[in-house]
Every structure is written in C-alpha cells, then in structure tokens.
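Quick note: residue numbers are just sequence positions, from 1. Please read these numbers as outputs of a predicted model, since none were measured by experiment.
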Amino acid sequence: MGNVLRDGFLNIWHNSPLMKALRDRDRPDYACKTCPYRYVCGGCRARAYAYFNDPLGPDPGCPLLKGSEIYVEPHLTM
C-alpha cells in the first residue's frame with residue numbers, strides 16, 4: 001500500500017489501488033457484494049486475508065455464512 005512516513009496517510013488512502021478496492025463494495029470480485037449489509041459491515045478484510053490470502057475474499061467468520069464451507073467457528077477465550 002505504501003509507507004505512511006514517506007508517502008503520507010492521505011496520499012495512500014486516496015491513491016493506493018488496494019485502498020480503492022477495499023472502499024468499493026460494488027466491485028465484481030468483492031466477496032460480500034450481494035450481502036445487504038455490505039455497506040455497514042463489509043466483512044472482516046483482515047480475516048479474509050489471513051485465511052484466503054485475499055483481502056477482498058469472503059469473511060470466514062461471517063455469521064450470515066454459517067453452514068457454508070467457508071464459515072469458521074469463532075474461538076472465544078476468556
């Protein structure tokens with residue numbers, strides 16, 4: 001994405017292709033594009049990246065996907 005110290009936060013926010021892709025929730029390759037909550041939630045992009053190496057991929061912890069092959073039961077520790 002860039003280096004905030006060198007490139008500046010606003011420059012990265014406005015010009016990074018990845019940041020533009022993450023903000024565009026109507027992209028054809030955005031996993032949550034059909035979800036009615038995509039503008040409110042959008043899924044956890046960090047979890048999608050960690051599990052599938054794709055920040056635009058499906059959120060494996062999304063409760064709306066429970067029962068699908070990509071849902072991962074959350075591990076709660078106290």
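Judged as a side chain to side chain contact (heavy atoms under 4.5 Å, CB included), and not counting sequence neighbours, the contacts of Asn53 are Tyr49. Residues satisfying the side chain to side chain donor-acceptor pair (under 3.5 Å) criterion with Asn11, sequence neighbours excluded, are Asn15. Partners of Arg27 according to the salt bridge (charged side-chain N to carboxylate O under 4.0 Å, His left out) rule, which considers only residues two or more places apart in sequence or in another chain, are Asp29. With sequence neighbours left out, Asp7 forms a side chain to side chain donor-acceptor pair (under 3.5 Å) with no residue at all.
Apart from Leu10 itself, the hydrophobic cluster it occupies contains Met1, Val4, Phe9, Ile12, Trp13, Leu18, Met19, Leu22, Tyr30, Leu56, where clustering links Ile, Leu, Val, Met, Phe, Trp and Tyr at side-chain heavy-atom distances under 4.5 Å.
Nearest heavy-atom pair across Gly42 and Cys32 is O-SG, 3.8 Å. Minimum heavy-atom separation, Ala31 to Pro58: CB-N, 3.2 Å. Between Ala48 and Gly57, the shortest heavy-atom distance links the atoms CB-O, 3.4 Å.
Pairs engaging residues 31-42 under the side-chain hydrogen bond (donor to acceptor under 3.5 Å, both in side chains) rule: Asp26-Arg38, Asp26-Tyr39 [sequence neighbours left out]. The list of salt bridge (charged side-chain N to carboxylate O under 4.0 Å, His left out) pairs with a residue in residues 8-21, not counting sequence neighbours, is empty. Applying the salt bridge (charged side-chain N to carboxylate O under 4.0 Å, His left out) rule to pairs touching residues 41-52 yields Arg47-Asp59, sequence neighbours excluded.
At a threshold of 4.5 Å between non-hydrogen side-chain atoms, the residues Pro60 and Phe52 count as touching.
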